[in-house]
Every structure is written in structure tokens, then in C-alpha cells.
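Each chain gets a letter, A, B and so on, in the order the sequences are listed, and its residues count up from 1.
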2 protein chains.
Amino acid sequence: MLCYPRGMPSEAKPYHHGNLRDALLDAAFRRVDADGADELNMRELARELGVSSAAPFRHFADKQVLLAAVAERAASLLGRALDEASERCDDALTQFRAMAVAYVRFTAEHPALFRLIHDSEGVSSGFVGEVSDERRAKLIALIIEGQNAGLIPDADPELIALTSEALTHGLARMIVDRHPRVRDLSSEDARKLALATTQLLQAGIGLS
Amino acid sequence: MLCYPRGMPSEAKPYHHGNLRDALLDAAFRRVDADGADELNMRELARELGVSSAAPFRHFADKQVLLAAVAERAASLLGRALDEASERCDDALTQFRAMAVAYVRFTAEHPALFRLIHDSEGVSSGFVGEVSDERRAKLIALIIEGQNAGLIPDADPELIALTSEALTHGLARMIVDRHPRVRDLSSEDARKLALATTQLLQAGIGLS
DNA sequence: GCCATATGTCAGCAGCGCTCACATCGAGGG
DNA sequence: CCCTCGATGTGAGCGCTGCTGACATATGGC
């Protein structure tokens, strides 16, 4: 598309970057994933990409907007992981457990992204929509299906969904918050733990 | 102790504040509680207290240290709430539920403090010790007691404790993260929800 | 080919955390 | 009783940040 002098008088850096917006998003994403959102620095980012420190603001109104874009990307990554996990199962219970595992595993592998997703208090929703709306509907459907099949007791499906989400989200959060009991978990260990706890939820803890 | 001229030639502001350290801690605490940790600003804090912007650094080596002090205070507040809640019960199960309620209620009333406590990744522990060690031992003891009394099934007590913590912590986190389903809960609603979910955990979700 | 527009640059503002040399005060020893 | 010393506060200032506005440059539609 663009044709800059390729091999000639060494490097004549073009005035325009060509694809700065994407480059910024990529770099920001990597930085956040590696070091956390508040290590992100607009000027440094510009330096890395070899542009002036004002350039990024042509593409993102301010730092928050950039972070929001990163968060959205992260959320869609998480969303894909959840979808893939649930597609590989059929009955309601295993499907739910697979999603829990995927969720927890994602946070064990990308704690900073997970934080960003939930800390953003974003304009849109806080909990970024991707992880929420449609997926939530799906979960509820799953629960009702399970109830019809006699696999799940007849409590309020909303409450069951909320409890499941809370358990999963809580385990995930404990990992990123570095709770002593689950600190520095390998993603395999995270998987096991997600399985064990959701299983326990299904079995119940009290005999009352 | 100190005697500054009280009613005389109007206001002769004393050179020394008298109790700057505590005043800083108080002000910082209030600010964080009200607006969140990253709205805290050393210079502004100094202005509020009528001292120079360098003064705070005589008492807190840097901003992180101040925040750590605030976090510690917040954690001990939470700790007291948990203790008071559990002292009012006797049998294991209700005691556990009371603690869950207290935990969730605290976060509904002080979301920013809750965030600070867990985000600090503090030198000491991340999960601030107060909420963790002794209290955790207590929870495990509670579970074993419950098992001996035949109230709780014979799974690994560690796992049961972890699952319970995850559920509670998760519900709390969903509140501060402003999950759409639990956004802007009154502390009474938070109480109800904590009760309902922990009850569900005890009953179990699957019939397997 | 020409112009509107998107995209980049440079210089600079205000605010931040933090530091250093110096001022002021209270307490305790000569 | 004074005098010194350490604790506490001040003022100026450094380096950094996010962000802005005026200006430069490249590019796509006429």
C-alpha cells in the first residue's frame, strides 16, 4: 500500500508512522499485560514507537480512553476463552465448570488484564459488557436446562447464577490479589482449584 | 500540653502543627474512603492541613507508605467488624454466615477501603495480615468443629475454607467492581445477598 | 495538480512526587 | 537559665507526567 524507500540511503524515517493507532494499542496492551495498568506511560509509549509525545493524543483523546480500548481488547480475549471452553461440553454442569476453569485460568495467566477489565468502572458498565450480558443469559439458560433435567435443585436461577459467578470471580480475584493460599499458582493448579471449588459448590457444604 | 495564644491578636498560626502525622493519616483515610486511593494527592493533602507540601514527607517516607498506613487502619476496621460479628453466634454454620455478612457489608459501605486493602500488594502480604492469618485459623477450626458435630461433610477443611472465602470475597468484589447485578446495593441488600448465597453454598447446587 | 483533512512535531503549561538547604521550635543538659 | 540539638516545618526547585495549541507534512478526493 504505502511504499517507503526500502533499502536505500539507510533509514529515512517517514514523517507518518502509517499505523500508529494499532501500534499504540498493541504496545499499550503488552505493557499492561506485563506490568499493570498504572505502569503505562503515554510519553514512554511514544518514545518506544519513535514518535513525539503528542502524537498518541491524535488517536486517543486521553490516557483513560487508551486504557478503555485495552480493556475492551482484554475483555474480548477473555470472552473468547469462555466461549471456547463452553463449546467443548454438552451437559449443563460440566459446561458451567469448564467456564469457571477458563475464567480462573485467564486471570492466573493475565492478572493485570483481569484487573484492568474490572477496575475500569468504564463508562459502559464497569464489568465490561463482553463478559456480562449475553454470556450471563447463557448461564441462566444453562441452569434452567439443568433444573429441567433434574440435575440442579429448584432454587431461583438468578440466585444460583449469582452464587456461581461470585465463587468463580472470588477465586479469580484471590489469585490476582495474591491471597496467601493461592499465590503464584500455575495455570494448571488454577484449573484444579477451580474444579475442586465448583464441585464443592455443587455438592454443598452443609447438610441442613 | 502546648499552649498557643488562643484568643488574642486573631490567628497566629503556630509554626509546628502539633500533631501532623495523625492529622495526615486521618485526612488521607477520609479521602481514600470517599474518593478512592488514586485521588489521594500529597500536595492537596498538605494544603488542606495548612502546611507546606514538603511537610508530609517528614512523617511518611513516600506516598506508598502513607497508603500502606491507611490500608492497615482499614484492615483493622474490617477485622473488628468480623470479630464482632462472629462473637454474637455460637454454632459453626451461623457463625460462618455472620462473618460473610459482615465482610460483604463492609465492602458495600467502604468499597474504596476494600480496594486499597487488597490492591496494595503490600510488602507484608498483599492480603493484609489482619484479615488473614489468625482469622483463617479460626475459620478452619470452625469447620472442623462443624464436621465433628455432623453439620459439615467430611471434605478437606482447607478446601472448604477456601471455597467459602472465595464465595464471600467474590460477592464483595462484585459489589466494588460494580457488577451490573449487584451495583449500588444498600448494605441491607448486601446482607440479604450474603445470606442467600452462603445458604446456597451450604445446600449445594448439584444433586450429583 | 490542488486543496481539505488526517496525522505528525515542537514548545510549553500546570500539577505531581520528592529532595535539599535552611528556619523554627521544644526539651533536656551544662 | 541559657544553649544546643533533634524533630518538625518552609521555600525553592528538579524531573517527570498528562495534555494543549500553533504549526508542519503527507495523502486522498476533486
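For the pair A:N41 and D:dG18, the criterion of a side-chain N or O lying under 4.0 Å from OP1 or OP2 is met. Residue B:H59 has a polar side-chain atom (N or O) positioned under 4.0 Å from OP1 or OP2 of D:dG9.
The pair B:E158-B:R136 counts as a salt bridge, with a side-chain nitrogen and a carboxylate oxygen less than 4.0 angstrom apart. Ionic pairing of B:R191 and B:E188 is present here: one or more N-O contacts between side-chain nitrogen and carboxylate oxygen are shorter than 4.0 angstrom. For B:R73 and B:D26, the salt-bridge test passes: some basic side-chain N is under 4.0 Å from an acidic carboxylate O. Here B:R173 pairs with B:D119 in a salt bridge; the nearest charged N to carboxylate O distance falls below 4.0 Å.
Taking atom CG of A:L66 as the reference point, atom P of D:dT17 lies 15 Å away to the nearest angstrom. At whole-Å resolution of the value, CZ in A:R43 and P in C:dC16 are 16 Å apart. One atom, CZ of A:R47, and another, C1' of D:dG18, lie 12 Å apart when rounded to the nearest Å. Note: NZ (B:K63) to C1' (C:dT19) measures 17 Å, nearest angstrom. Going from atom CG of A:L40 over to atom P of D:dC19 covers 11 Å, rounded to whole Å. Look at CG on A:L49: it is 15 Å from C1' on C:dT7, rounded to the nearest Å. Atom C1' of nucleotide C:dT9 and atom CG of A:L20 are separated by 13 Å, given to the nearest angstrom. What separates CD of B:Q64 from C1' of C:dC16 is a distance of 14 Å, to the nearest Å.
Listed nucleotides: D:dT10, C:dG12, C:dT9. Nearest to the side chain of B:V51: D:dT10.
Comparing B:R58 and B:D62 by the nucleotide of DNA chain C that holds the closest heavy atom to each, the one mapping nearer the 5' end is B:D62. Ranked by how close their nearest DNA chain D nucleotide is to the 5' end, B:S52 and A:F57 are led by B:S52.
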